[in-house]
*Asks:* 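Attaching a single structure in structure tokens format; questions to follow.
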Amino acid sequence: MPKRIAVLVSGGGTNLQALIDAQARGEIVNGEIVLVISSTPSAYALERAAKAGIPSCVVARKEYPSNQAMTVALVDKLKEARIDLVVLAGFMVILTGEMVQAYPNAILNVHPALIPSFAGPGCYGLHVHEKALEYGVKLTGATVHFVSEECDGGPIVSQKAVEVLPDDTPEVLQRRVMEQCEWQLLPQAVSLFCQDRLKVEGRTVRVLENAECGMQNAE
Ligand code: GAR
């Protein structure tokens, strides 16, 4: 049975688009995006879902008294849709422990920096690239990781670096990190998860060969 994937978004949804495009090319092996949930009613990501024919809904932060109450509502929706993998693709609300307890090692997040640099509360979206430029790093990149109860602190699945160039603005750097890192890493990680090829051993994630994980008949 293909794994049922939910993608949680808040904004433009370019990472969602990368997943949709990868799925159309047959690159999400043994998985299917069946639900998109947005924390913002006006998110352009919702239009991307509609164009791809993927059901979507809004779970707006402002409708709930706390992040915890919102997290509980999200878990209910995900369980109702029989979701196997939750993907945070530019999701800007910090989820509470209830989500991790409901989906242990089954939530992937893409972060636009090389964790543990420029990560944690307050490091999201364009701010991450502003901080990287302020610090003067010569390399930055993106990280896909499993979500744990520590913000941006879960086991790392994959990372890719790009150069920071002398005249970069936060917007230019963000675009380079998205194009060269995020849009490649996230679909690859999702596909590996769906093939049961990601094995979490403490803080380390081992990528299994096909033969090691019983997926040899799926290819
Ligand atoms: C992406 O760069 C993503 O890595 C980042 O927000 C952007 C969303 O873009 N996520 C975070 O900062 C989460 N900590 P998108 O809506 O176009 O995918």
Side-chain angles (χ1 to χ4, degrees), residues 5-23 28 33 35-52 54 56 58-61 67 70-71 74 86-96 99-100 107-135 137 139-162 164 168-190:
I5 304 165
V7 184
L8 274 52
V9 296
S10 299
T14 64
N15 278 288
L16 168 65
Q17 191 65 54
L19 289 166
I20 291 170
D21 294 345
Q23 176 163 285
I28 308 290
I33 306 165
L35 180 62
V36 170
I37 304 181
S38 175
S39 63
T40 327
S42 59
Y44 184 67
L46 288 167
E47 285 186 41
R48 297 182 191 272
K51 278 191 194 132
I54 300 168
S56 67
V58 176
V59 176
R61 173 64 184 84
N67 281 13
M70 179 185 177
T71 302
L74 278 170
V86 182
V87 180
L88 309 184
F91 190 68
M92 298 306 183
V93 179
I94 297 181
L95 298 167
T96 57
M99 182 63 76
V100 180
I107 311 166
L108 290 173
N109 179 47
V110 61
H111 184 76
L114 296 171
I115 289 176
S117 291
F118 312 116
C123 273
Y124 59 90
L126 204 57
H127 299 306
V128 178
H129 305 290
E130 286 165 2
K131 285 177 202 275
L133 289 175
E134 267 163 36
Y135 202 91
V137 290
L139 286 176
T140 186
T143 304
V144 175
H145 65 94
F146 281 111
V147 173
S148 68
E149 298 213 15
E150 184 193 344
C151 178
D152 294 332
I156 290 172
V157 175
S158 53
Q159 293 187 300
K160 191 174 174 212
V162 286
V164 179
D168 277 347
T169 62
E171 290 80 6
V172 167
L173 185 56
Q174 178 181 52
R175 184 77 193 180
R176 186 178 311 122
V177 169
M178 282 177 157
E179 274 177 4
Q180 294 184 27
C181 307
E182 299 185 48
W183 300 344
Q184 299 170 17
L185 291 183
L186 188 61
Q188 283 165 3
V190 166

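The chain is numbered in sequence order, starting from 1. Counting convention: from 1, in listed order, for ligands and their atoms alike.
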*Asks:* Suppose I only count heavy atoms of Glu182 and a 4.0 Å limit; which atoms of ligand 1 are within that range?
*Replies:*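 Here the atoms of ligand 1 in question are 1 (C), 2 (O), 3 (C), 4 (O).
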
*Asks:* Apply salt bridge (Lys or Arg N to Asp or Glu O under 4.0 Å) to Arg48 and list each qualifying residue two or more places apart in sequence or on a separate chain.
*Replies:* none

*Asks:* Which atoms of ligand 1 sit under 4.0 Å from any heavy atom of Tyr124?
*Replies:*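 Near Tyr124, meaning under 4.0 Å from one of its heavy atoms, ligand 1 has 12 (O), 14 (N).
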
*Asks:* Kindly give the heavy-atom pair with the smallest separation between Tyr44 and Gly12, and that separation in Å.
*Replies:* CD2-O, 3.6 Å

*Asks:* For atom 12 (O) of ligand 1, find the nearest protein heavy atom and state the residue, atom name and distance (0.1 Å precision).
*Replies:* Gly125 N, 2.7 Å

*Asks:* If you measure from atom 6 (O) of ligand 1 to every heavy atom of Arg48, Met92, Gln17, His111, which option wins on shortest distance?
*Replies:*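 Selected option, by shortest heavy-atom distance: Met92.
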
*Asks:* Closer than 4.0 Å to some heavy atom of Gly90 - which atoms of ligand 1 meet that?
*Replies:* 6 (O), 8 (C), 10 (N)

*Asks:* I need the minimum non-hydrogen distance between Gly153 and Ser148, along with the two atoms involved.
*Replies:* C-OG, 3.7 Å

*Asks:* List the atom of Thr40, the atom of Leu46, and the distance in Å for their closest heavy-atom pair.
*Replies:*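 So the minimum-distance heavy-atom pair works out to O-CD1, 3.8 Å.
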
*Asks:* Which atoms of ligand 1 sit under 4.0 Å from any heavy atom of Met178?
*Replies:*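 Once the distances to Met178 are compared, the set is 1 (C), 2 (O), 9 (O), 17 (O).
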
*Asks:* Who passes salt bridge (Lys or Arg N to Asp or Glu O under 4.0 Å) against Arg175, sequence neighbours left out?
*Replies:*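 If we apply the salt bridge (Lys or Arg N to Asp or Glu O under 4.0 Å) test to Arg175, skipping adjacent residues, the hits are Glu179.
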
*Asks:* Is Gln174 in polar range of ligand 1, meaning some N or O pair under 3.5 Å apart?
*Replies:*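 Not met; the criterion fails.
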
*Asks:* If hydrogens are left out, which of Ser10, Pro112, Cys181 has an atom nearest to atom 5 (C) of ligand 1, that is, the closest non-hydrogen atom?
*Replies:*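 Residue with the shortest heavy-atom distance to the ligand atom: Pro112.
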
